[in-house]
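Okay, structure first, notes after.
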2 protein chains.
Amino acid sequence: MNPTPDTDTPDAAAPARGKRPKQGEPVIDRALSLLAVFSDRRRALTLSELARHADMPAPTALRLISRLVAWGALERLDDGRYVVGVRLWEVASLSPRGHGVREIALPYLEDLFEVTRHHVLLAVRDNEQAVLIERLSSKDATEVAYRVGGRAPLRSTAVGLVLLAGADQQFQETIMAKPPEKEPGVAEMPEGQLRRTLSDVRRTGIAMIRRSHPSMTVSVASPVFDAQGSVVAALSIVVPDGSTPPNVLAPAVRAAARAVSRNLGHQATVSADVRTHSRG
Amino acid sequence: MNPTPDTDTPDAAAPARGKRPKQGEPVIDRALSLLAVFSDRRRALTLSELARHADMPAPTALRLISRLVAWGALERLDDGRYVVGVRLWEVASLSPRGHGVREIALPYLEDLFEVTRHHVLLAVRDNEQAVLIERLSSKDATEVAYRVGGRAPLRSTAVGLVLLAGADQQFQETIMAKPPEKEPGVAEMPEGQLRRTLSDVRRTGIAMIRRSHPSMTVSVASPVFDAQGSVVAALSIVVPDGSTPPNVLAPAVRAAARAVSRNLGHQATVSADVRTHSRG
DNA sequence: AGGCGGCTTTCAATGGTTGGAATAGTATTG
DNA sequence: CAATACTATTCCAACCATTGAAAGCCGCCT
């Protein structure tokens with residue numbers, strides 16, 4: 001029912017035909033932005049949802065998605081919605097900092113978990129946050145804040161503090177220059193105290209955080225080193241506040257972290273003089 | 001090199017300039033084929049290696065890779081090589097059939113593992129193979145054939161048989177029409193026996209495979225169902241041949257698989273076919 | 001019985017993409 | 001130390017994959 005179906009002459013000033021408002025973004029970026037739409041809360045999405053969130057026309061989204069589905073990066077459910085596919089998961093499992101450390105650490109995490117029956121976590125740093133690589137939990141454990149694959153702030157979690165303490169100086173300054181992420185149930189640390197804490201973490205190999213939010217818990221974390229002596233991950237245990245005293249947990253966590261480090265090729269050199277002088 | 005270096009006028013018959021040998025492949029496919037180059041054996045690759053294996057010119061590969069790195073799908077190591085990135089792993093962790101079932105199944109896998117101290121596996125089907133989603137192993141367990149993220153044949157592994165038995169009829173016929181994948185250390189099954197085996201698996205909820213290759217082991221697997229009653233995964237245990245009798249393991253594996261199924265929303269209806277469960 | 005929303009196909013215009021060539025950097029060899 | 005070989009990176013003109021409005025479908029709600 002077009003009100004003016006007659007005149008097929010758009011006349012002058014009507015280049016409405018070939019219009020391409022905002023071409024210019026590389027195809028890959030668009031495809032990746034489609035993947036980025038998926039989140040903890042959005043695990044199954046329709047075409048239009050994907051198109052909307054990735055900010056592109058439906059036909060374009062469909063074409064890209066079809067390719068992703070053909071390859072296996074996405075899968076289509078019976079109801080027409082799309083989910084992240086096993087093929088992508090498969091490739092991602094080759095990520096050294098993802099499944100790589102996980103695979104090596106898992107047996108030790110299991111031992112720790114079996115002995116304590118509390119949450120055991122493994123996390124790595126990605127940019128300005130910690131990413132949870134693994135979490136072992138019994139069915140009846142306390143409520144926990146983070147899920148595997150999720151992100152946590154550096155300044156207000158035990159694993160975060162460990163990873164931050166192990167990062168290079170410049171990065172630490174960058175982080176401290178920024179306002180801290182608000183984290184519910186965790187006391188915010190003034191900069192001075194944070195610096196002292198980080199220094200302590202480096203010295204003792206232990207970070208500790210008490211939080212009250214999802215539930216009253218204490219987290220104890222310890223760094224995992226690679227062969228070059230860099231902190232590549234943080235191992236932690238989360239227990240209900242008041243159950244096992246933290247100072248009892250610390251040695252177990254440290255021991256587990258050291259075991260993992262050793263398996264990563266870290267030479268647990270005795271204290272000092274670990275300076276390598278190579279490349280500027 | 002050029003026999004006529006003088007005249008800078010290419011003159012006629014010099015179409016060497018604009019040559020387009022084999023353009024025509026969508027950009028995404030190329031990017032994905034770069035990701036596909038990574039494998040268990042190739043976890044860190046140089047630009048030229050990637051370009052070679054993905055069969056594309058280095059500049060093209062570089063451009064695509066740069067985008068992938070910018071997004072976090074790949075990461076660049078200090079030595080210039082590329083590895084799969086944490087960001088990709090993060091998105092992949094949203095895969096329902098990957099980390100999804102894993103997350104739900106993990107506590108039960110842990111229980112089973114803790115009691116038996118043998119390998120516990122979780123696998124899903126992707127196309128014509130099983131993909132290993134999770135594997136719990138103690139540090140001192142027997143040698144094992146597959147790694148998490150790896151693939152296994154459907155016809156010659158316990159999890160494979162379970163997944164095959166749970167697939168739709170048409171798919172099963174497709175598989176059986178093809179020559180079986182050669183698998184070292186596993187006796188090949190003639191079609192008739194395979195059909196009988198699959199039928200047994202459906203009836204009893206248990207598949208069993210004895211293999212001699214990496215070491216002498218027996219695998220016992222059982223299906224995991226979703227709310228619709230489809231087989232979405234297979235749970236299995238792998239023990240050294242001659243240790244625990246398989247008929248002792250079967251109930252434990254079945255129970256664990258059922259527990260996972262229930263958590264996935266499966267209503268364990270009492271099937272008419274299963275009137276006597278203890279096969280006598 | 002019509003409107004609405006989402007999904008899919010079509011197609012001409014075009015700009016992102018391409019890859020040879022050249023340059024720069026780096027490791028290996030004589 | 002030069003020669004060699006390889007890899008990584010930049011450049012750019014030709015061009016084809018990509019684009020998105022438009023229109024056709026389909027199912028659903030009213």
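The sequence lines fix the lettering, A, B, ..., with proteins before strands; numbering per chain opens at 1.
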Considering non-hydrogen atoms only, spot the tightest contact between [X] and [Y] and give its length.
{"X": "B:L154", "Y": "B:I175", "answer": "CD1-CD1, 4.2 Å"}
{"X": "B:A51", "Y": "B:A58", "answer": "CB-CA, 4.0 Å"}
{"X": "A:S33", "Y": "A:R30", "answer": "OG-O, 2.7 Å"}

Tell me the interatomic distance from [X], atom [atom1], to [N], atom [atom2], rounded to whole angstroms.
{"X": "B:H53", "N": "D:dT7", "atom1": "NE2", "atom2": "P", "value": "11 Å"}
{"X": "B:R81", "N": "D:dA8", "atom1": "CZ", "atom2": "C1'", "value": "16 Å"}
{"X": "A:E49", "N": "C:dG5", "atom1": "CD", "atom2": "P", "value": "15 Å"}
{"X": "A:L34", "N": "D:dT19", "atom1": "CG", "atom2": "C1'", "value": "14 Å"}
{"X": "B:M56", "N": "C:dT17", "atom1": "CE", "atom2": "C1'", "value": "13 Å"}
{"X": "B:D79", "N": "D:dA8", "atom1": "CG", "atom2": "P", "value": "10 Å"}

Does the side chain of [X] get closer than 4.0 angstrom to OP1 or OP2 of [N] through an N or O atom?
{"X": "B:R63", "N": "C:dG16", "value": "no"}
{"X": "A:T60", "N": "D:dG20", "value": "yes"}
{"X": "B:S48", "N": "D:dA8", "value": "yes"}
{"X": "A:R30", "N": "D:dG20", "value": "yes"}

By nearest heavy atom, map A:L62 and A:I28 onto DNA chain C; which one lands nearer the 5' end? A:L62
Most 5' of B:L64 and A:R52 on DNA chain C, judged by nearest nucleotide: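 Comparing both residues, the 5'-ward one is A:R52.
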Can you identify which nucleotide, out of [options], has its nearest atom closest to the [X] side chain?
{"X": "B:T46", "options": "D:dA8, D:dT19, D:dT10", "answer": "D:dA8"}
{"X": "B:P59", "options": "C:dG19, C:dT17, C:dT8", "answer": "C:dG19"}
{"X": "A:P26", "options": "D:dG20, C:dC7, C:dT17", "answer": "C:dT17"}
{"X": "B:R76", "options": "C:dT18, D:dA8, C:dT8", "answer": "D:dA8"}

Compute both the distance and the angle, then confirm whether B:R97 meets the cation-pi test with A:W89: under 6.0 Å from the six-membered ring centre, within 45 degrees of the axis. no
Tell me whether B:R262 forms a cation-pi arrangement with B:Y108, defined as NZ or CZ under 6.0 Å from the six-membered ring centre and within 45 degrees of its axis. no
Counting distance only, does the side-chain N/O of A:R135 pair as donor-acceptor with the main-chain N or O of A:Y146 below 3.5 Å?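 Looks like yes, one N/O pair under 3.5 Å.
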Which protein N or O atoms sit under 3.5 Å from an N or O of nucleotides 26-30 of chain D?
none

Can you tell whether the side chains of A:R42 and A:E49 come within less than 4.0 Å, N to carboxylate O? no
